[in-house]
Amino acid sequence: MELNKLPKKARSYWLAKNLIAVVIMFVVAIIASFVLYNNGIVSIIWWILPAASIIAVFAILYPFLKYKFFAYSFDKERIVINRGVIFRHYISVPVLQIQDLHLIEGPVMMIFGLKGLIISTAGSNFLLPCLDGEEAKEILKRLETYLKNRIEEKHEEVC
Amino acid sequence: MKKFAKGYLFYRLVCDFFVILFFLFFLAVSFMENVRESAIFDGNFLKNFIIVFLIVYLVKAVFDILYIKLSGYEVGEKEIKCRRGVLYRKLSVLEYSKIHAINKKQNILQRLFNIAVLTIDSGSANTGYSAEIFIVDKSDAVDNLLEVVKEKQSGVHRETPKPIDKICNNLYEFNSRLKVIYSALTTFLACLVMLFIFAGALILFSVAKYIYNNVNASALGSLKIFVPILLIILAITLIIFVFGLIGAHLRYFKFKLYKNENGITISYGLLSRNTDTFSLKRIKSVIIKQNLIQRLFGFCSVNLEVVGLTYGKDSEQNSGNNASGVLIPLCKLKDVNQKLQQILPDYLPSAPAIKPKKLAPFLILKTILPITVLVISTVVGGVLLTLQKLGAINLTNGFFGIYFALCFGVALLLTLLIFIVSLLEKQNGGLAVDNGKITVYSGGFTKKCHVILSDNFIALDKFTTPLHKKLGAYSYLIHFYTNTLSNVVTVKYLNGDTESMLYNQLNK
């Protein structure tokens with residue numbers, strides 16, 4: 001089964017999310033350093049800002065790695081999702097096990113025109129994050145059709 | 001609609017009396033500054049307290065009366081209905097075909113008022129922490145209702161419903177001898193954990209003190225505290241054993257296990273009598289568990305995974321407590337197959353055909369040790385510097401010595417612990433795939449054997465790290481159909497070919 005990559009906008013979206021978090025983290029770090037300096041605790045400040053910088057570097061690099069290792073595919077029988085950078089997951093879900101399908105969209109995702117697809121089974125949820133808006137709807141429709149066909153096939157087998 | 005029994009109103013009024021009394025008393029004492037004991041018996045305080053208590057109690061009593069008047073249930077042909085609530089009124093309708101678990105509970109106070117609680121659950125994710133149908137009626141009415149609902153659920157009609165113990169034999173006897181062993185094993189485990197923590201702390205303290213002081217007195221210093229702490233541990237062990245024994249007798253009082261065409265019924269408890277009924281179709285997996293001490297003595301416990309069963313605290317609104325998942329609290333490991341053959345023959349575990357790769361746990365030393373040392377060095381260094389600056393400690397002369405001793409000691413202990421767990425996981429791990437059934441062996445300190453029918457296998461997640469991938473070692477997360485609290489079983493360090501075998505089961 002040929003694996004598909006997410007749109008390049010997904011990388012930009014994750015980067016934007018992390019940059020927002022990094023900015024907030026630096027603001028908190030600077031305020032904390034200021035408070036500690038006023039209370040005479042200077043030595044800790046030499047730990048805070050470098051630690052925040054190291055975290056910021058990881059936060060900026062991580063979206064590129066996450067994008068590189070994420071891929072998905074689906075056909076009439078199953079959905080395959082590969083994700084993870086250090087802990088790599090290769091997930092396989094039969095189409096017949098799908099209970100519901102949901103599209104999600106946060107405010108930052110809306111700016112990038114992205115949608116996430118949640119595939120719910122009886123007990124677990126699996127996420128296809130950051131798909132193109134139209135592509136996400138099309139995938140949802142195709143999965144619904146595959147599911148309907150699989151249920152009919154299974155019913156015929158049983159009968 | 002039939003109303004709830006009047007005994008339930010009296011039960012709620014009695015409970016409210018004590019709850020409100022203690023709560024108000026606690027509040028009053030907490031908020032009064034500089035209270036003298038004699039002030040509590042002062043006339044003004046008592047008068048005010050009684051007035052507030054009466055007002056609160058009356059309001060609650062009116063609420064309880066309205067609750068009883070507005071609540072009720074109806075047993076229909078295809079479904080059961082239940083209405084309850086005063087301000088937020090709820091009508092629940094549950095078709096018999098959707099029922100997953102039926103549970104009857106009766107605590108000591110409810111027994112005095114001759115009432116019992118019946119809860120019926122469908123296993124819906126929306127009501128994962130409370131049952132959908134909640135009925136309170138007289139004890140014998142609840143028994144009859146339980147049988148009627150089970151009949152309608154199974155579609156099998158019986159002229160006169162009989163109590164389960166008149167129809168079936170008890171399949172498992174949890175006698176006093178087993179309860180003593182159960183308590184002893186639990187106590188032994190608690191004692192071992194305490195000794196391990198104490199030993200670790202003692203080693204760390206001795207090493208740090210030796211480096212800092214650079215004198216031989218550190219050894220004597222350790223011995224001085226060794227004996228009293230050991231005595232404390234022994235005392236705590238004794239207390240745990242005594243309370244554990246009492247708890248086991250109360251919790252598993254008259255433990256009975258029956259099986260009939262409707263399913264399995266488990267009945268137990270003295271202070272609160274629980275009767276849990278599970279349809280055979282709703283059982284999703286059987287788990288055989290062995291902690292470290294049980295393994296030493298050849299014992300185990302057997303649990304059920306059932307859709308719709310909750311594991312919340314024991315309250316009116318919940319359909320079960322921690323004991324509700326238990327099928328067999330304690331038995332010899334060699335007898336498990338024989339007992340499962342009687343109760344659930346489809347769930348007999350198979351011996352592991354696929355075992356984990358030999359060298360996989362050793363990879364942890366390459367990854368965990370450097371990460372642990374780095375993280376702990378940073379954290380410990382930061383903490384010591386802060387304490388030094390705040391004047392809590394003075395480490396100028398031996399700072400680096402104690403710093404490295406602490407970092408090294410903690411990192412070594414943690415890595416050792418993680419490595420031991422990985423070795424145990426490799427030892428205990430395994431997988432067997434038969435026709436229609438998957439048996440997963442997993443766990444480090446607590447060994448588990450999950451038996452899952454292929455029909456309940458939903459999804460497969462194969463995961464690895466770059467280092468493990470070089471070795472060809474993969475871990476498999478098996479997603480199966482159960483409640484939202486726990487639906488994944490992991491088996492670690494198997495080879496990549498296992499995926500095709502599992503995938504064939506997934507497609508059945």
Side-chain angles (χ1 to χ4, degrees), chain A residues 1 32-33 35-37 39-52 54-55 58 65 68-69 72 74-100 102 118-127 150 153-154 157-158, chain B residues 123-125 128 284-285 305 307 367 371 374-375 377-379 381-391 452 454-469 474-490 496 499-500 502-508:
Chain A
M1 200 188 277
S33 303
V35 167
L36 286 168
Y37 180 77
N39 284 298
I41 305 170
V42 177
S43 50
I44 301 293
I45 296 169
W46 298 114
W47 290 82
I48 292 178
L49 289 175
I54 292 169
I55 294 171
F58 276 114
L65 292 169
K68 185 185 169 189
F69 289 107
Y72 71 96
F74 62 96
D75 62 16
K76 293 175 196 174
E77 296 208 348
R78 66 172 172 153
I79 303 155
V80 168
I81 302 170
N82 293 352
R83 60 175 176 85
V85 176
I86 297 171
F87 296 100
R88 298 195 193 156
H89 292 255
Y90 306 93
I91 301 166
S92 187
V93 185
V95 165
L96 198 59
Q97 296 293 350
I98 297 173
Q99 297 273 39
D100 6 280
H102 310 267
I118 297 178
I119 300 159
S120 292
T121 62
S124 298
N125 291 334
F126 302 95
L127 175 66
R150 280 293 289 148
E153 278 169 30
K154 204 74 182 171
E157 273 174 39
V158 169
Chain B
S124 160
K284 300 305 169 191
S285 89
E305 281 276 358
V307 181
T367 49
I371 294 169
L374 187 66
V375 168
S377 310
T378 314
V379 169
V383 166
L384 285 176
L385 277 171
T386 310
L387 290 174
Q388 171 94 344
K389 195 66 195 175
L390 293 171
I452 306 161
S454 298
D455 289 342
N456 301 326
F457 184 14
I458 295 173
L460 178 65
D461 184 351
K462 180 175 94 172
F463 84 90
T464 188
T465 63
L467 273 174
H468 279 103
K469 199 173 177 181
Y474 297 85
S475 300
Y476 294 91
L477 278 76
I478 293 166
H479 295 253
F480 63 104
Y481 179 30
T482 181
N483 62 53
T484 53
L485 297 173
S486 63
N487 62 332
V488 180
V489 173
T490 307
E499 186 188 12
S500 53
L502 283 169
Y503 187 68
N504 287 339
Q505 290 298 309
L506 190 57
N507 276 340
K508 280 191 174 172

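Values below: every heavy atom of this structure, side chains too, minus hydrogens, waters and symmetry copies. Naming convention: chains lettered A, B, ... in sequence-line order (proteins, then strands); numbering from 1 in each chain.
For the set Asp461(B), Asn456(B), Leu460(B), the count of heavy-atom pairs under 4.5 angstrom toward chain A peaks at Asp461(B). Your options are Leu96(A), Val93(A), Ile86(A), and the one with the most heavy-atom pairs under 4.5 Å with chain B is Ile86(A).
Taken to the nearest 0.5 Å, the CZ atom of Phe87(A) stands 7.0 Å off from the OG1 atom of Thr465(B). Here the CD1-OG distance, from Ile458(B) to Ser120(A), works out to 10.5 Å after rounding to the nearest 0.5 Å. Of the inter-residue distances, the one linking Arg88(A) atom CZ with Tyr474(B) atom OH reads 10.0 Å to the nearest 0.5 angstrom.
Crowding of Phe69(A) atom CZ: a count of heavy atoms from other residues, nucleotides or ligands under 6.0 Å exceeding 12.
For chain A, no part of Tyr476(B) is nearby; none of its heavy atoms comes within less than 4.5 Å.
Closest approach of Ala459(B) to Pro94(A), counting heavy atoms only: CA-CD, 4.5 Å. Of all the heavy atoms in Arg78(A) and Tyr503(B), the pair that sits closest is CD-OH, 2.5 Å.
Residues satisfying the ring-ring contact (aromatic ring centres under 6.0 Å, His included) criterion with Phe463(B), sequence neighbours excluded, are His89(A). For the ring-ring contact (aromatic ring centres under 6.0 Å, His included) test, residues two or more places apart in sequence or in another chain that qualify with Phe126(A) are His479(B).
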